[in-house]
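Please read the structure below before turning to the comments.
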Amino acid sequence: GFGSLRVELASTAMVGLAEGARYLVEYPYGCAEQRASRSLALMLAADLGAAFNLPGIDPAKEKPAVQSSLLELTNFQCGDGGLSFWPGQCNATSPYLTSWVVHVFQRGKKLGYTVDDDMLARSYNYLEGRMSEPPPSNEGWRPAYNAWQAFVVKVLSEGGRNADSHFNRIYEYRDRMPVFALSFLVDSLQARKEPGGARLTELRRRIANSILPEGGTAHVNELSDPYLMWFWSSNVRSTAIALGTMVRGGQAGAAGSQPVELIRPMVRWLMQ
């Protein structure tokens, strides 16, 4: 009739991720978005090596699997340089999907994987061409339009392409932009190594204002917009994106950046 208290101790905060890791490895991924997402997660897990042991993920075995997946993703590229969700279905290519796959390829290249540079170049050309698309006549689509344009600016900047004019234009619509898109713009500035200026401070302030502390955790309270469903938007995803931007910036706690005390609560929320 008495209650009980169970205490579990572990040497790593990543305990409890075994089921998620198993699902990641075993799920029969099909479309380009799923394949790219799985590749990104596995390449990052493999890069951790023995630092964090995730059951079901063997870094030595996963690296060849990731390399194979990156090569298979080239089959999703269409004649215009953009990517479609399914190979050969090139009646409609997506700039957001293309940006996502390019982002995964960029990360893979940094981690030493072989990436098709010709495919990347064609993707960059496609994305630069799509940036000239006029905004939607339906203002309800504006946040979604701003979101994919911000993502294109990010991957172009990180790919060494000049996206200054596109950044300047899209930055003016920061009031009508989801939080994950604000993070993409910060990534763009960080890729260009722009010193801490007014724009960087403003974007970081907006991201910090969107983070909702709850007890010992914190998460991004993302813009609620039905059209963002096309970008797989959720509070979990936006929290992960914002956290990645904050950590990669390496300026947590510095003047004009997010306070360092937000980072661990965000990690704790994602782990839960």
Side-chain angles (χ1 to χ4, degrees), residues 23-44 65-111 113-138 140-161 163 166 170 178 180-181 184 187-188 225-234 237-238 240-241:
Y23 184 85
L24 185 70
V25 172
E26 297 179 1
Y27 183 82
Y29 299 91
C31 76
E33 184 275 326
Q34 292 175 331
R35 287 170 179 254
S37 297
R38 177 179 183 269
S39 297
L40 178 64
L42 289 180
M43 71 172 66
L44 295 176
V66 170
Q67 183 63 75
S68 176
S69 181
L70 293 178
L71 292 175
E72 290 175 359
L73 280 169
T74 62
N75 297 325
F76 292 79
Q77 189 170 41
C78 297
D80 62 358
L83 276 86
S84 61
F85 282 93
W86 300 97
Q89 295 187 3
C90 292
N91 56 318
T93 52
S94 165
Y96 197 89
L97 171 66
T98 302
S99 297
W100 175 240
V101 175
V102 167
H103 168 68
V104 173
F105 270 58
Q106 289 173 336
R107 186 61 64 87
K109 194 171 183 177
K110 289 181 178 179
L111 291 175
Y113 292 89
T114 299
V115 172
D116 189 334
D117 287 328
D118 180 64
M119 176 191 176
L120 272 177
R122 292 173 59 209
S123 297
Y124 290 141
N125 293 338
Y126 163 81
L127 291 172
E128 287 174 336
R130 293 295 296 264
M131 287 298 284
S132 62
E133 287 188 12
S137 55
N138 181 353
W141 277 90
R142 188 79 207 205
Y145 171 84
N146 293 340
W148 74 256
Q149 291 245 319
F151 201 4
V152 172
V153 167
K154 164 190 166 69
V155 298
L156 288 177
S157 298
E158 293 180 341
R161 296 290 182 107
H166 298 310
I170 201 69
F180 67 84
F184 291 155
D187 287 339
S188 174
D225 186 309
Y227 295 118
L228 294 179
M229 63 177 282
W230 296 105
F231 306 139
W232 319 294
S233 181
S234 69
R237 176 175 171 276
S238 292
I241 291 174

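When a residue number appears, it is its place in the shown sequence, counting from 1. Values below: all heavy atoms of this structure, side chains included; hydrogens, waters and symmetry mates excluded.
Residues V104 and S39 come closest through the heavy atom pair CG1-CB, 4.4 Å. Of all heavy-atom pairs spanning C78 and S84, the tightest one is SG-OG, 3.8 Å. When all heavy atoms of A32 and L73 are compared, the pair lying nearest together is O-CD2, 3.8 Å. Nearest heavy-atom pair across F76 and F85 is CE2-O, 3.3 Å. Nearest heavy-atom pair across W141 and P136 is CB-CG, 3.5 Å. Pairing each heavy atom of A163 with each of S157, the nearest pair is CB-OG, 3.9 Å.
Rounded to the nearest 0.5 angstrom, R107 CZ and H103 NE2 are separated by 5.0 Å. To the nearest 0.5 Å, the span separating NZ on K110 from CE on M43 amounts to 12.0 Å. If you take CD on Q77 and OG1 on T93, they are separated by 10.0 Å, rounding to the nearest 0.5 Å. Of the inter-residue distances, the one linking Y113 atom OH with L71 atom CG reads 12.0 Å to the nearest 0.5 angstrom. Atom-to-atom distance recorded for F105:CZ and S123:OG is 8.0 Å, nearest 0.5 angstrom. With rounding to the nearest 0.5 angstrom, the CE atom of M119 is 9.0 Å from the CG atom of N75.
At least one donor-acceptor pair closer than 3.5 Å links the side chain of S132 to the backbone N or O of G129. Using modelled atom types, one side-chain atom of T98 and one backbone atom of S94 make a donor-acceptor pair closer than 3.5 Å. Side-chain atoms of Q149 never come within 3.5 Å of backbone atoms of I170 as a donor-acceptor pair (strictly under, hydrogens ignored). Listed for the Y124 side chain is no donor-acceptor partner under 3.5 Å among the backbone atoms of G160. At distances below 3.5 Å, not a single donor-acceptor pair connects side-chain atoms of R122 with backbone N or O atoms of D80. In this structure a side-chain-to-backbone donor-acceptor pair under 3.5 Å is present from Q67 to T114.
Between F184 and I241, the closest side-chain pair of non-hydrogen atoms falls below 4.5 Å. Residues K109 and D117 form a side-chain contact, since some pair of their non-hydrogen atoms from C-beta on lies under 4.5 Å apart.
For W230, the CH2 atom counts as loosely surrounded, since its 6.0 Å shell holds 12 or fewer non-hydrogen atoms of other residues, nucleotides or ligands.
For the pairing with W232, the ring-ring contact (aromatic ring centres under 6.0 Å, His included) check across Y96, W100, F180 returns one residue only, Y96.
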For this session: Applying side-chain contact (heavy atoms from CB on, under 4.5 Å), run through R35 and V101 and close with a yes or a no.
Result: CA-CA 9 Å; R35 287 170 179 254; V101 175; over 6 Å; no
Worksheet entry | Worked check of side-chain contact (heavy atoms from CB on, under 4.5 Å) between L111 and L44 | CA-CA 9 Å; L111 291 175; L44 295 176; 4.1 Å; yes
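Remark: the Y126 side chain and the R130 side chain contain an N/O donor-acceptor pair separated by less than 3.5 Å.
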